[in-house]
Amino acid sequence: MLTIYDSAARAKREFNPIRPGQVGIYVCGMTVYDRCHIGHARVLVVFDMVVRYLKERGFSVDYIRNITDIDDKIIQRAAENAETIESLTNRFIDLMHRDAEALGCLPPSAEPRATESVETMIEMIDTLLERGNAYRADNGDVYFDVSTFERYGVLSGRDPEDLRAGARVAVDEVKDDPLDFVLWKHAKPGEPQWDAPFGPGRPGWHIECSAMSTEALGTTFDIHGGGADLMFPHHENEIAQSECATGCHFVNYWMHNGFVRIDDEKMSKSLGNFFTIEDVTQRYHPEVVRLFILSSHYRSPLNYSDQNLDAAQASLSRWYSALKKVPANVEPIPEVMDAFHEAMDDDFNTPKAIALIHEQLHHIHKVGEDDNQAAAPHAASVNAMGAILNIGQLDPDVFLHWSAEGEREDTLDDADINQMIAQRAEARASGNFAESDRIRDELLENGVTLEDGPHGTTWRRQ
RNA sequence: GGCUGGAUGGCAGAGUGGCUAUGCACCGGAUUGCAAAUCCGUUCACCCCGGUUCGACUCCGGGUCCAGCCUCCA
């Protein structure tokens, strides 16, 4: 039985999709005005893991991840760069796709862009105006009237009265109520605009997700995901808009992933304490980053540090070293797979699932090369579990020989290394250990570690 | 101030009313020409105060501290 922690219920709930065997999941994606950072990497990897596991459980999955390609920051950044909005957003969409692929994430079933769904947003806003859930302000903006939606605040556990009392809600002259949020921003010179019955302009942020999710998955769908910071106000507003516009219950399960932190502080653009995915994957193999992300539970905070990345790297080295030793040409061990599924069924408990993989790796190392036959089922189990998480699927040597891009110029290439290993073998054969140790030290200085085994010497950079 | 969530061994990170998490690091041993890797073994833990219980890190109450949200944010 698969259980998912539903943010709205604040509890784990048994997962039952609307249509048997099928899951519709919508995840709030990126606003494309800059490079993706490790926080974005977490959303990408976490929901990729969720989707892969749902598929493993036999569901056919409709995975929708939107792209916000029109908003204040995009307009501003394009103006700063003196480039068109399209060229800016296309550039960062390409980079995002590169990052996602590097991190081993499958492309979503669909990746709608806000600018392609403006018609649907206009229709939705029109309906909200007709039904009295929205109003036109004096300046031409259209706002959602929060007082018309009774359940407002239910997702994030907020009382509208408390919010109004809070000093931090910005007071805006044109709004009837400080909680009201913008659906449509009136046209301003030099900004992109669309014609609408209620005046030319561009959509507010929240309406795009209501429009795109409903377009792709229908008025009610199974899972809606995103970062924990989107719960309020973004997802709260989505619920209000969607349920008022369609009259249907919006989402059955809300999933929110925790933040990436640096020095116990949230990583964010505004704090400026972020590392881009590209920064990190130049220093660590992307699969190390994926393992690092999945080695803590998706709802927990994840502390970014070199020490933690190093630990993930050491772990993965051990993983590939084990796989390198033995063939996995048999079936996985049923009890192990059952335990794995049990862990994953429990709200995607990847740390526990990974611990199970480590146990199997231990068995492989223990049996070692002496008894391939005994080790093979463990290797097969590791491969099967790893396939579900999409970790450990590379050729071991591709991982173990990988070198960080930043260091590539300084390091020896594979041919140099093999040649030096051959020279060292000669020295060792003739008992010249001083020379052989000198070669080994030289390699180590270049980041290459040697391992002498019964069948010769192997090397790795990880 | 309001609302969420959290506090586990040197670090990371699961979990359970009584029984080894797991990985990294450390220490001792095996192995090795010496290493590395691997194996064996040892050490190290559940924020504080009460309560329930034969027994609580695990349940309940109170407290302290931390993070996030309340403004754009994955």
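Chain naming here is simple, since letters A, B, ... match the order of the sequence lines and numbering starts at 1 in each. Side-chain atoms are counted along with the backbone in the values below, which use heavy atoms only and exclude waters and symmetry mates.
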Item to check | Where protein sits on nucleotides 28-33 of chain B, one letter per nucleotide: B base, S sugar-phosphate only, - none, heavy atoms under 4.0 Å | outcome: -----B
Checklist entry - Considering only side-chain heavy atoms of A:His358, which listed nucleotide, B:A36, B:G23, B:C72, is closest? => result B:G23
Checklist outcome for this item: Expected string for nucleotides 11-17 of chain B under the B/S/- scheme (protein heavy atoms, under 4.0 Å, primed atoms plus P, OP1, OP2 as sugar-phosphate) is SSSSS--
Checklist entry - Looking across every strand, which nucleic acid part, if any, lies under 4.0 Å from A:Leu230 by heavy atom: base, sugar-phosphate, or nothing? => result sugar-phosphate
Next on the checklist: I'd like to check the salt bridge (charged side-chain N to carboxylate O under 4.0 Å, His left out) partners of A:Arg158; sequence neighbours left out, ordered by chain and number.
Outcome noted: none
Report, one line per pair, each donor and acceptor closer than 3.5 Å where one atom sits in a side chain of residues 375-382 of chain A; sequence neighbours left out.
residue: A:Ser381; atom: OG; partner: A:Ile333; partner atom: N; Å: 2.9
residue: A:Ser381; atom: OG; partner: A:Pro377; partner atom: O; Å: 2.8

Checklist outcome for this item: Residues at least two apart in sequence or cross-chain that pass salt bridge (charged side-chain N to carboxylate O under 4.0 Å, His left out) with A:Asp346, listed by chain then number, are A:Lys12
Checklist entry - Can you name the residues that form a side-chain hydrogen bond (donor to acceptor under 3.5 Å, both in side chains) with A:His362, not counting sequence neighbours? => result none
Checklist entry - Paired stems touching RNA chain B, three or more consecutive Watson-Crick or G-U pairs with both distances under 3.5 Å? => result B:1-7 with B:64-70, B:10-12 with B:22-24, B:27-30 with B:38-41, B:47-51 with B:59-63
Checklist entry - Touch check for A:Gly431, heavy atoms < 4.0 angstrom, all strands: base, sugar-phosphate only, or nothing? => result nothing
Checklist entry - Taking only residues two or more places apart in sequence or in another chain, which ones pass salt bridge (charged side-chain N to carboxylate O under 4.0 Å, His left out) with A:Glu191? => result A:Arg202
List the atom pairs, with distances to 0.1 Å, where a side-chain N or O of residues 336-344 of chain A and a protein N or O form a donor-acceptor pair under 3.5 Å, not counting sequence neighbours.
residue: A:His341; atom: ND1; partner: A:Met337; partner atom: O; Å: 2.9
residue: A:His341; atom: NE2; partner: A:Glu56; partner atom: OE2; Å: 2.7

Checklist entry - For A:Asp62, which residues count as a salt bridge (charged side-chain N to carboxylate O under 4.0 Å, His left out) partner, sequence neighbours excluded? => result none
Polar atom pairs (N or O), protein with nucleotides 38-40 of chain B, under 3.5 Å:
residue: B:U38; atom: OP1; partner: A:Arg318; partner atom: NH1; Å: 3.3
residue: B:U38; atom: O2'; partner: A:His365; partner atom: O; Å: 3.2
residue: B:C39; atom: OP1; partner: A:Arg318; partner atom: NH2; Å: 3.2
residue: B:C40; atom: OP1; partner: A:Lys366; partner atom: NZ; Å: 3.2
residue: B:C40; atom: OP2; partner: A:His362; partner atom: NE2; Å: 3.0

Next on the checklist: For B:C73, does the base pair up with any side-chain atom of A:Lys266 as donor and acceptor (N or O, under 3.5 Å, distance only)?
Outcome noted: yes
Checklist entry - Reckon A:Ser315 touches a base, only the sugar-phosphate, or nothing at all at heavy-atom distances under 4.0 Å? => result sugar-phosphate
Checklist entry - Can you list every pair that meets ring pair (Phe, Tyr, Trp, His ring centres under 6.0 Å) and has a residue in residues 292-314 of chain A, with sequence neighbours left out? => result A:Phe275-A:Tyr304
